[in-house]
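Here's the structure we're looking at; comments come further down.
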Amino acid sequence: MNDFISFKGVHKRYGNYNVLTDFDLTVRHGEKVTLIGPSGSGKSTVLRILMTLEPFQEGAVTLDGLSYHEPGGKPPFLASEKHLRTVRGNVGMVFQSFNLFPHMSVMRNLMEAPMSVLGLKRHEAEERAMTLLSMVGMQAKAQSFPGQLSGGQQQRVAIARALAMRPKVLLFDEPTSALDPELVGEVLSVIRSLAAEHDLTMLLVTHEMRFAREVSDRVCFFDGGRIVEQGPPEQIFSAPEHPRTRSFLSSILEGAR
Amino acid sequence: MIQGYGIDTSSTAAFALSVLPILLVGLRTTILAMLAGFAIALVVGLAFALLRRSPLAVISWPAAAAIEFLRNTPLLMQLFFLYFVLPEYGIVLPAFWTGCAALGLQYAAYMSEVYRAGIEAIPKGQWEAATALNLTRARTYGVVIIPQMVPRITPAIGNYLVSMMKDTPILSTITVVEMLNLASRIGDRTFEYLVPLSMVGLIFFVLTSLCSLALRGIERIIPTKGISLQ
């Protein structure tokens, strides 16, 4: 059971458009994997499938031995809500647009799910929330509302909120793409410190190539709904083999100059 | 109903004063019908909106059909339907409750659209975050969606409340003794329609104004912290 997460022959379509075609990916427990590639190449879809935000039609996805599809499960997810909840309990997600609950204080954002889903007592949830907030450097803003925070601060709270559910897998879907350039660093440094956690498996979709190189064990380059090249970051960034990888990286680096 | 009350037609002022107690009896019925109808509309409207959003076509289609039917046919027809047709199938409600049900159902259909717009105004990311945190569907509605929706829809809901209040005289057509019914009976007896009808108009005006004031108060009480109101 070396494969903690596995995608085997997964097909995902929106109408006639194939987002993922015969897609394979395996991730080891504790591995940090970065997904890069042009937009529309299916990177985010992989995360959204893992988070059960999107169903897929064919193939198999498993996480920690749990299959996403259930025999006899009904469309669109081919699994019961109960089963999906079990699967989902292992996964947390950080979104591009933060998606904090705007009508709840930062504290309440972090306490809601641990209390109502995991059944934590109020003081336990409070304690957990404060620990996480201080980890992301946001303890001073515990009573603030999301609208009073900068984008970078909101994203740090969102990371803490996802961690409050103690997921085995944490998914980052372009966590810095919606941020002003000067706020990117504070979010990346939080993610960087998480990358040091051995037990946490991380999948990260990002356009921050230097960061990807720094934190990931493996980089997967996506094109047209499949992975065309993958390997350790040094290999992908310094000596890409596939022509698509080369042209993508050179266009990205061009833009950065 | 008018029996037991003396009607003094010696002067306009005396006439107005003497019919006031009679009309106030009707006012009680008007207000009760409005409250009952509104309560039905609030609850059934939300149910309609949620049923219509169901991913199962077996549920969402009939709900959509019912809503469209209630919205696009006259209230008076629906009222007659409930009052005259249902008893043929053994469902006999007192006239007052039949009236409340008719008012409540039609306004539930209107309000389901308000609820629907309110739910759809919530960004998709809020649903996704709730899913990612593994909140149940009920909890997602209860703590994420509805609290963000309520302050946005209160003004529209309030308008429907006022509008429904003004529809209550329709209950007089199925023998419910509300204000307008009493006013016309007074007119029938005294051949003086101007004063009782004007009084009814005046009372309605006061009532709707009070309601609008109360609604503005409620809008101020509802927690809106963090919720942007376009």
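Chain naming here is simple, since letters A, B, ... match the order of the sequence lines and numbering starts at 1 in each. FYI, side chains are in, hydrogens and waters are out, and symmetry mates aren't considered; it's all heavy atoms of this structure.
- Using a 4.5 Å cut-off between heavy atoms, V91(A) contacts chain B through its backbone alone, with no side-chain atom that close.
- A donor and an acceptor atom, one from each side chain of Q78(B) and Y83(B), are nowhere located under 3.5 Å apart.
- In this structure, K74(A) forms no cation-pi arrangement with F77(A), as its terminal cationic atom is not both closer than 6.0 Å to the ring centre and no more than 45° off the ring axis.
- A distance below 6.0 Å separates the ring centres of F222(A) and F23(A).
- Using modelled atom types and a 3.5 Å distance limit, the side chains of E54(A) and T45(A) yield no donor-acceptor pair.
- Contacts of L118(A) with chain B are absent, with no heavy-atom separation under 4.5 Å from either backbone or side chain.
- Here P102(A) is the residue among A113(A), P167(A), P102(A) with the most heavy-atom pairs under 4.5 Å with chain B.
- Across A132(B), P223(B), P123(B), the residue that shares the most heavy-atom pairs under 4.5 angstrom with chain A is A132(B).
- Note: F56(A) and H69(A) meet the aromatic proximity criterion, with ring centroids under 6.0 Å apart.
- At a 4.5 Å heavy-atom cutoff, the contact between F101(A) and chain B is made by backbone and side-chain atoms alike.
- Defined by atom type and a distance below 3.5 Å, a donor-acceptor pair is missing between the side-chain atoms of Q154(A) and S150(A).
- For chain B, the option among R88(A), M165(A), R85(A), M51(A) with the highest count of heavy-atom pairs below 4.5 Å is R85(A).
- The contact between R161(A) and chain B is made by backbone and side chain atoms together, counting heavy-atom distances below 4.5 Å.
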